[in-house]
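As structure tokens, the structure follows; a few thoughts come after it.
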Protein chains: 2
Amino acid sequence: MPSSVQRKRIRKTPEARRAEIVETAARVALTEGLECVTLRRIAEELAVRPGLISHYFPSAEDLVAEAFSVAATGELDALLPADRPHGSPTQYLARYFALSGGEAYDDISRLWINARHLSRYRPVLRDRVAEQELASDDRLSDLIREGVERGEFRTDDPRAAAIQILVVVDGLGAHANTDRSDRPEAVTRMAVTTAERELGLRYGALTEVRLPAELVAPTGQAGPTDPAESTDPADSTGPAQLAEPTEPTNSA
Amino acid sequence: MPSSVQRKRIRKTPEARRAEIVETAARVALTEGLECVTLRRIAEELAVRPGLISHYFPSAEDLVAEAFSVAATGELDALLPADRPHGSPTQYLARYFALSGGEAYDDISRLWINARHLSRYRPVLRDRVAEQELASDDRLSDLIREGVERGEFRTDDPRAAAIQILVVVDGLGAHANTDRSDRPEAVTRMAVTTAERELGLRYGALTEVRLPAELVAPTGQAGPTDPAESTDPADSTGPAQLAEPTEPTNSA
DNA sequence: GATGCTATTGAGTGTGCGACCAATAAGCAA
DNA sequence: TTGCTTATTGGTCGCACACTCAATAGCATC
């Protein structure tokens, strides 16, 4: 009996296989970093041979870019849903900041740092990063615009307000890989403060919001518990080698 | 006669060799990225064999960390000198923001993104990043504190103000590898705006400052010093031409 | 049950990386 | 000049990576 290795081939439709490759790549990207999205690593996750990944993604760079896009899109939808049937703009914005402060947000911050750095060397990824930044701007701009229309927010330029908020969120998230324990309260609160200022809200308006039950549970994500198959975060040593600027010389 | 390759060994003192290794590594880190700081790459720059780099840095990770530290320290000194004999705190702060906006700052932003990401996997580098962040906080805090003492700035917590400014600078710099051409003016100006708000300065106080010639030329580099304008009336004595701090805008 | 399409494998290529170590020679001191 | 210390070399090893391609086998169809 083949105890350890799986001998039997499992043949899937190209669509299904491709989907599971992308899904796995996105998960690895989010939890362990884009450098860990390698042909071997993803193949191992799916118990297939690396050549198969190559078959679906002839250029590994495309898989990395796709992994980022999928992961970032999923996170954006979880943090700032496009459809907001369960509350007011103020409530959804308050929810966004509440989630942004949590530790779960560190993975997303790390992913963005990762992608922004890696896009220095990888043009395909760079385009995706720009695309996702635009999507974030749009999503938040829409929320703000709706809030203005409803009379909850006040600003002349919803987009400028949105970008300013996101710049602060980025600035705070930049330290996701470092220690942030001794930050003054004013700093921890910067994103909220910026939003309150730019949207004409009083201090505390976004932190004292009471959220309806539907907005408390994280959306899109799997349930609160995922019993089995939790990858051990401790032993993920990251990319084995520095690796990765495969040819940084031809920066073109 | 050796045509292409250098055959003759050049034997240097350990101190000199080590210094030039670190210097080269810092330059490569700043211009091409920390991933390019490899034994082979640095050895090639210095026309020596990779084993020699290993001899001075038995662990390559230490060299990468050292390269970052040296590069970051050098840039910090250039942007925010510890000794400020040529102007007021307001002038040095204005100079800092003027330099932060320039394209030369992109290299530094890239380096920081690079280091913050890589420190996810490399504990030695992570410590250095924390160290350099602290140094930046301290440097800017000192500047602000001096400004408060001189009556140029007004804030209850110089350090919190400094960190908030740096968070915004980080947030803006996060996009150093992406396109930033269509940013609203309010966003481009965010760092300055934050400083003016947190330090009790009127809008424009930090952008209308006239800098003495000594502060125009980048420090450390021997640049052609501005020939004219050496007779700046408001020299190093006090607040340049901005009058007194105005009321904090609205946050209070 | 046989057939054919093609998803999947296995094997191999070449690159770059860090780490290791015995042999070598540069340059100082005797 | 000779000798000695040690900075420096040259070579090797093992590893991880992307990429290529002929051979194989799963499985839907007949």
Side-chain angles (χ1 to χ4, degrees), chain A residues 2 5-21 24-25 28-29 32-67 118 121-122 124-125 236-250, chain B residues 2 5-21 24-25 28 32-67 118 121-122 124-125:
Chain A
V5 292
Q6 180 177 11
R7 314 200 153 281
K8 190 92 160 81
R9 293 186 183 182
I10 298 177
R11 189 187 174 107
K12 303 193 174 184
T13 68
E15 298 73 30
R17 188 62 92 183
R18 189 183 179 91
E20 94 180 338
I21 289 173
T24 301
V28 170
E32 301 175 44
L34 292 166
E35 285 87 347
C36 295
V37 178
T38 64
L39 302 184
R40 284 169 171 74
R41 183 77 174 76
I42 303 304
E44 189 186 15
E45 291 279 319
L46 294 172
V48 297
R49 313 267 64 199
L52 183 61
I53 313 296
S54 273
H55 173 69
Y56 286 95
F57 289 88
S59 167
E61 188 176 351
D62 292 338
L63 176 58
V64 173
E66 186 68 15
L118 217 55
Y121 307 109
R122 319 195 100 117
V124 183
L125 179 61
S236 67
T237 57
Q241 317 194 38
L242 279 202
E244 285 326 315
T246 48
E247 43 185 336
T249 50
N250 63 347
Chain B
V5 293
Q6 179 178 11
R7 315 200 153 283
K8 189 90 162 80
R9 294 186 184 182
I10 298 177
R11 189 187 173 108
K12 303 192 175 183
T13 68
E15 298 73 31
R17 186 62 91 183
R18 189 183 179 90
E20 87 179 346
I21 289 173
T24 301
V28 171
E32 301 175 45
L34 292 166
E35 286 87 348
C36 295
V37 178
T38 65
L39 302 184
R40 285 169 172 78
R41 182 77 172 77
I42 303 303
E44 189 185 15
E45 290 280 319
L46 294 171
V48 297
R49 315 297 325 173
L52 184 61
I53 314 296
S54 272
H55 174 68
Y56 286 96
F57 289 88
S59 167
E61 188 177 350
D62 292 338
L63 176 59
V64 173
E66 186 68 15
L118 216 55
Y121 307 111
R122 315 206 105 88
V124 183
L125 179 61

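FYI, side chains are in, hydrogens and waters are out, and symmetry mates aren't considered; it's all heavy atoms of this structure.
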- Task: Report which part of the nucleic acid A:P58 touches: base, sugar-phosphate, or nothing (heavy-atom distance under 4.0 Å, all strands).
- Result: sugar-phosphate
- Message: Measuring to OP1 and OP2 of C:dA19, would you say a side-chain N or O of B:S54 lies under 4.0 angstrom away?
- Response: no
Give every donor-acceptor pair under 3.5 Å between a side-chain atom in residues 46-55 of chain B and any protein atom, sequence neighbours left out.
none

- Query: Can you tell me how far C1' of D:dA18 sits from CZ of A:R122, to the nearest Å?
  - Reply: 10 Å
- In whole angstrom, what separates A:R40's CZ from C:dA11's C1'? 12 Å
- Message: Which residues pass the salt bridge (charged side-chain N to carboxylate O under 4.0 Å, His left out) test with B:E44, not counting sequence neighbours?
- Response: none
- Task: Could you state the atom-to-atom distance from CG of B:L63 to P of C:dC17 in whole Å?
- Result: 13 Å
- Task: In whole angstrom, give the distance that lies between atom CD of A:E20 and atom C1' of C:dT8.
- Result: 13 Å
Pairwise N/O distances under 3.5 Å, protein to nucleotides 5-8 of chain D:
unit_1: D:dT6; atom_1: O4'; unit_2: B:R11; atom_2: NH2; d: 3.2
unit_1: D:dT6; atom_1: O2; unit_2: B:R11; atom_2: NH1; d: 3.0
unit_1: D:dT6; atom_1: O2; unit_2: B:R11; atom_2: NH2; d: 3.0
unit_1: D:dA7; atom_1: O4'; unit_2: B:R11; atom_2: NH2; d: 3.4
unit_1: D:dA7; atom_1: O3'; unit_2: B:K12; atom_2: O; d: 3.3
unit_1: D:dT8; atom_1: OP1; unit_2: B:I10; atom_2: O; d: 3.1
unit_1: D:dT8; atom_1: OP1; unit_2: B:K12; atom_2: N; d: 2.9
unit_1: D:dT8; atom_1: OP1; unit_2: B:R17; atom_2: NE; d: 3.0
unit_1: D:dT8; atom_1: OP1; unit_2: B:R17; atom_2: NH2; d: 2.8
unit_1: D:dT8; atom_1: OP2; unit_2: B:R17; atom_2: NE; d: 3.4
unit_1: D:dT8; atom_1: OP2; unit_2: B:Y56; atom_2: OH; d: 2.8
unit_1: D:dT8; atom_1: O2; unit_2: B:R9; atom_2: NH1; d: 3.2

- Output all residues satisfying salt bridge (charged side-chain N to carboxylate O under 4.0 Å, His left out) with B:E45, sequence neighbours left out; order by chain, then residue number. B:R27, B:R41
- Item | Whole angstrom value for the distance that separates P of C:dT15 from CD of B:E35 | 22 Å
- Task: Check side chain to side chain contact (heavy atoms under 4.5 Å, CB included) between B:R11 and all other residues, then give those that pass, not counting sequence neighbours.
- Result: none
- Rounding to a whole Å, what distance do you find between B:I53:CD1 and D:dG10:P? 14 Å
- Message: List the residues meeting side chain to side chain donor-acceptor pair (under 3.5 Å) with A:E61, not counting sequence neighbours, and say none if there are none.
- Response: none
- Atom NZ of A:K8 to atom C1' of D:dA25: distance rounded to whole Å? 8 Å
